[in-house]
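Below is one structure, written out as structure tokens; the observations come after it.
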Amino acid sequence: MAFHFRLDKVLTIKEKEKNLSELEYADARQQFEKAARRLYELLKKKEDLEKQYEQKMQVGVMADSLLQYSYHLQTLQTSITQEQLNVNRAKFLMEGKHQKIIQKSVEVKKYNRLKEKHFAHFKNQLKKDESKQLDELSLIKPGEWHGI
């Protein structure tokens with residue numbers, strides 16, 4: 001008699017859901033990393049522009065150049081603010097996907113534990129049946145065993 005877990009199909013579905021959640025999380029994490037990288041690049045550009053601005057101020061610069069630097073800094077700051085929102089959104093999404101993985105993992109673990117318990121019960125029942133058969137065999141008279 002072979003062991004058959006009656007909730008095997010449910011366990012398989014839950015494992016697939018968990019795997020799908022892991023793929024979704026990996027995608028969300030990748031999106032977060034891209035947004036964070038873009039934000040870093042914008043911040044680096046801003047820092048470089050501010051250094052250039054400081055150097056120009058020490059040397060002396062025309063008013064038009066100051067206005068141009070100021071406008072460029074404002075545009076960069078707007079882009080940075082927008083990218084910070086994108087990073088926060090991506091992080092929130094990534095964290096939600098991570099929570100979903102945790103939830104699915106717990107569900108899979110529950111079904112695996114249930115399967116282990118059922119298997120242990122199955123093994124115990126097999127041992128009982130085997131012991132019962134051996135007891136019955138030991139009660140048979142030796143002559144009956146060989147058909148005498």
message = Between Glu41 and Arg37 (salt bridge meaning N to carboxylate O under 4.0 Å), is one present in this structure?
response = no
task = Give, for atom CD of Gln125 and atom NZ of Lys132, the distance between the pair rounded to the nearest 0.5 Å.
result = 9.0 Å
inquiry  = Once rounded to the nearest 0.5 Å, what's the spacing between atom CD of Glu136 and atom OG of Ser131?
reply    = 10.0 Å
ask   = Shared ILVMFWY cluster between Phe3 and Leu7, side chains joined below 4.5 angstrom?
value = yes
inquiry  = Asn19 vs Glu22, test: side-chain contact (heavy atoms from CB on, under 4.5 Å). Steps then yes/no.
reply    = CA-CA 5 Å; Asn19 292 339; Glu22 288 172 346; 3.6 Å; yes
request  = Kindly indicate whether the side chain of Gln31, heavy atoms from C-beta on, has any atom under 4.5 Å from the side chain of Met94.
outcome  = no
request  = Run through Lys100, Lys18, Lys110 and flag the one making a side-chain contact (heavy atoms from CB on, under 4.5 Å) with Ser105.
outcome  = Lys18
inquiry  = Looking at every heavy atom in both Ala2 and Phe122, which two are closest together, and how far apart are they?
reply    = C-CZ, 3.7 Å
query = What do the steps show when you test Ile13 against Val10 for side-chain contact (heavy atoms from CB on, under 4.5 Å), and what is the final call?
reply = CA-CA 5 Å; Ile13 290 170; Val10 175; 5.7 Å; no
message = Hydrophobic clustering (ILVMFWY, side-chain heavy atoms < 4.5 Å, transitive) - are Phe5 and Leu126 grouped together?
response = yes
message = Between the side chains of Lys97 and Asp27, is the shortest nitrogen-to-carboxylate-oxygen separation below 4.0 Å, so that they form an ion pair?
response = no
remark   = To the nearest 0.5 Å, atom NZ of Lys14 lies from atom CD of Gln103 at 8.0 Å
key: Pairwise side-chain contact, Glu54 with Glu50, heavy-atom cut-off 4.5 Å (strictly under)   = no
ask   = OH of Tyr53 to CD of Gln68: how many Å apart, nearest 0.5 Å?
value = 12.5 Å
Distance in Å, Leu49 CG paired with Leu42 CG, rounded so as to fall on 0.5 Å steps = 12.0 Å
request  = Looking only at non-hydrogen atoms, find the nearest pair between Ile80 and Leu39 and report the distance.
outcome  = O-CD1, 3.8 Å
ask   = Are Phe119 and Tyr111 grouped together when hydrophobic residues (ILVMFWY) are joined by side-chain heavy atoms under 4.5 angstrom apart?
value = yes
task = State plainly whether one hydrophobic cluster holds both Ile102 and Tyr25, where clusters connect Ile, Leu, Val, Met, Phe, Trp and Tyr through side-chain heavy atoms under 4.5 angstrom apart.
result = no
inquiry  = Rounded to the nearest 0.5 Å, what separates atom CG in Asp48 from atom CG in Leu76?
reply    = 10.0 Å
request  = Check the hydrophobic clustering (I, L, V, M, F, W, Y; side-chain heavy atoms under 4.5 Å; chains of links allowed) and say if Phe92 and Val87 are grouped together.
outcome  = no
query = How about Glu107 and Glu17: do any of their side-chain heavy atoms sit closer than 4.5 Å?
reply = yes
key: Lys115 side chain near Asp8 side chain, heavy-atom distance below 4.5 Å   = yes
request  = For side-chain contact (heavy atoms from CB on, under 4.5 Å), just list the numbers for Asn112 and Glu15, CA-CA rounded to whole Å, side-chain angles, deciding distance to a tenth of an Å, and then say yes or no.
outcome  = CA-CA 10 Å; Asn112 277 327; Glu15 287 172 341; 4.3 Å; yes
query = CZ of Arg38: more than 12 outside heavy atoms within 6.0 angstrom?
reply = yes
